[in-house]
Number of protein chains: 2
Amino acid sequence: MKITRKVTIKDVSQHSGFGIGTVSRAINQSEGISEKTRKKIQASIEQLGYTPNYVAQSMRSQKYKSIAFFADISNPVFAQIAKSVQIELDSYGFTLSLCSIGEKNVEEKISSFLNGRSFDGIILSIPTEKDWKLNKVLTKIDIPVVPINRDVPTLPPGVLTDYYSSVKKAINYLISLGHESIAMITGNKEIRPTREGIRAYKDCFDFQGKQFNEELILSGKLNSKSGEELLLEIAPKIHRGEVTAVLSLNNQMFYGILRAMRKESLRYPDDISIITFEDNELTQLLDPPVTSIHRPIDDMGKQIAQVLLKYIQDPESYGEEEPIVIPTEFLIRDSCKPII
Amino acid sequence: MKITRKVTIKDVSQHSGFGIGTVSRAINQSEGISEKTRKKIQASIEQLGYTPNYVAQSMRSQKYKSIAFFADISNPVFAQIAKSVQIELDSYGFTLSLCSIGEKNVEEKISSFLNGRSFDGIILSIPTEKDWKLNKVLTKIDIPVVPINRDVPTLPPGVLTDYYSSVKKAINYLISLGHESIAMITGNKEIRPTREGIRAYKDCFDFQGKQFNEELILSGKLNSKSGEELLLEIAPKIHRGEVTAVLSLNNQMFYGILRAMRKESLRYPDDISIITFEDNELTQLLDPPVTSIHRPIDDMGKQIAQVLLKYIQDPESYGEEEPIVIPTEFLIRDSCKPII
DNA sequence: TTGAAAGCGCTAACAG
DNA sequence: CTGTTAGCGCTTTCAA
């Protein structure tokens, strides 16, 4: 058995009797080729089992059919987004490459990852918008970038979850149950979800003509440890009944909140009412199940892929598109109790 | 401001005064170049801010510094593996590309994904080992493939979790608590974890001189729905006290098991003792927390990357390496109760 | 409409 | 030790 060299465009050219250029035109569905020859060449391609070499195509065309995804994939939310983005991209022949980023040195990670590699576009979730170094790096990138849930000054808005309405629904629900002292646990204040959450929170209280207490907004990092610390901070108030409800804007922080509650022997909904962003196995299987804000993550991933693809295909449109806002659903379960 | 063309090896050659070939040798740390020239060239490279074009390098060298990862990343276990694999690969300049696969048409997905694209290696987690079509596709692949927890006939063993010891510990623990009718919920029987689990289960009973009841091994699919159905199947027995413990070999199935228990108003540890594979937020935060089998996932990812890299760097060693066995930890918590 | 030929940026073989 | 050159497989002028 002889070693089978990969079949190239040259083989197709010979086999079909047409020139290399013509074959290329047939492959790329380009103009200036008769339907007849296209068919003949197509037949040769199928007989030989030819597939164009993506690497060679890329080198010549400067198109890579490849997207870089920067996020912390160990967060199931991003894992799921990555999955649906990949599935969507795949149907357009695009490949998704992963790059994990943490809290620190994000710009360094991103630029060293991009260095030398070639992508047509980037999907990005970053820990803070106010990262001067990062923003500098981002301006230098000459391919479209779609941020997830971030307002990056140098970038078009991308895809956003409707945190404002979500938080409004949650807070109003708690108010309707009679809660007045509602703590809200959020990530740092330099990301859109936090800003939008706070805005919604304030608006709810303003609308009700109620006093808004700044101290009840607790900002930290987007991880469970931080969530735990923040809950521990207000635990005394909860014990004293000075805080009767907690709204968590982040799934990871919520894990920490639950851990802290356990440590403090605080039980929901009796000692405290709780609501969290992101519905998942945990919120469903906890006893009682947790009232939560749900977003269609697969749909989000699909939309992210779609905008990016649009930007790539039509660079003129980059930055001209309206932000895509993903609506959420408010799932009332049994983790909140009315104040009597 | 003039448009800055990307600097190429030619520029470096001109700037440094050395030939293109010499520059290439400097870049690739190849033999046959004096330390002096290397330094001079290095200086030029830095001054010009040159980075080799990976695409061109790949095209010429047939090395792509690129790995394909086939798995269902929406399972947090694989997401975390993907993350740590990526981090490890990144330190060697390799890129990780994602491809989601489901339960069906796996061979079709894999081969169409690979088609035209170029990778140096593959990481693979497949739903069943007895997939004739898939195995046929796999034999045709001429780059190293590292399977995760699977014995694929046509492939070297790769990286394996020690299911045998893990299950043995769990079963023996249950036996020591006085349990005799232990149900084990597993994936399909054509994957290594199931086979190893069953073998361990049998060995434990044999060793104790106890009767092993085949009916208590419940095989299904690796998803929560299947876990739910299987638990529902034996629910009557649990109610009657004919089954007193359940061991779940899969994290996804475990979600379903918990759902089914809730439907059936079955509570652990009072109505039934439970143990599951994979420790995570859910097992820790459930009340009471769940006794579980934990494996070091990040370490697993790192090892997967390492073997694959070794195979790529030294193709002779492909298939000659011993399987890498990942040990597990048995975390006793409060989900099991002794039989009195 | 088609073919020929010039590269894309790089590596590797060959010469010197 | 270093320079020159021939491609890798493809797209894209430019002629025919």
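Owing to the predicted nature of the structure, the values given are computational and were not obtained by experimental measurement. To find a chain, count down the sequence lines: A is the first, B the second, and so on, and within it residues start at 1.
Within 4.0 Å of A:G116, counting heavy atoms only, lies no atom of the nucleic acid at all. Using a 4.0 Å heavy-atom criterion, one finds that B:S34 contacts the sugar-phosphate atoms exclusively. No contact: A:S58 has no heavy atom under 4.0 Å from any strand.
Between the P atom of D:dT11 and the OH atom of A:Y64 lies a distance of 14 Å, rounded to the nearest Å. Counting to the nearest Å, the P atom of D:dT2 and the NZ atom of B:K39 are 14 Å from each other. Atom CG of A:L48 is separated from atom C1' of D:dG9 by 15 Å (rounded to the nearest Å). In this structure, the CD atom of A:E31 is 16 Å from the P atom of D:dT11, given to the nearest Å. Remark: P of D:dG7 and CD1 of B:I20 are 16 Å apart, rounded to the nearest angstrom. If you measure from atom NZ of B:K63 to atom P of D:dC8, you get 17 Å, rounded to the nearest angstrom. B:Q62 places its CD atom 15 Å from the P atom of D:dG7, with the value rounded to the nearest Å. Per the geometry, CZ belonging to B:R25 stands 8 Å off P belonging to D:dG3, to the nearest Å.
Side-chain polar atoms of B:S97 and A:S97 form a donor-acceptor pair below 3.5 angstrom.
In this structure, B:I143 and B:Y311 have side chains that are not in contact, with every pair of non-hydrogen atoms separated by 4.5 Å or more. The shortest distance between side-chain heavy atoms of A:I126 and A:D131 does not fall below 4.5 Å.
The shortest distance between the side-chain N/O atoms of A:N53 and the OP1/OP2 oxygens of D:dC8 is not below 4.0 Å. Proximity of A:S30 to the phosphate of D:dT12: no side-chain N or O atom is located under 4.0 Å from OP1 or OP2. Taking 4.0 angstrom as the limit, A:Y50 places a side-chain polar atom (N or O) nearer than this to OP1 or OP2 of D:dC10.
Figure legend: cation-pi geometry between B:R117 and B:F113, with NZ or CZ positioned under 6.0 Å from the six-membered ring centre and within 45° of its axis.
A salt bridge links B:D90 to A:K109: at least one charged side-chain nitrogen sits closer than 4.0 Å to a carboxylate oxygen. Salt bridge annotation for B:D314-B:K310: present, with a cationic side-chain nitrogen under 4.0 angstrom from a carboxylate oxygen.
Scored by the salt bridge (charged side-chain N to carboxylate O under 4.0 Å, His left out) test, B:E107 finds no partners at all (sequence neighbours excluded).
At a cut-off of 3.5 angstrom, the base of D:dG9 holds no donor-acceptor pair with the side chain of B:R60.
When DNA chain C is scanned in the 5' to 3' direction for atoms under 4.0 Å from non-hydrogen atoms of chain A, the outermost contacting nucleotides are C:dT1 to C:dG9.
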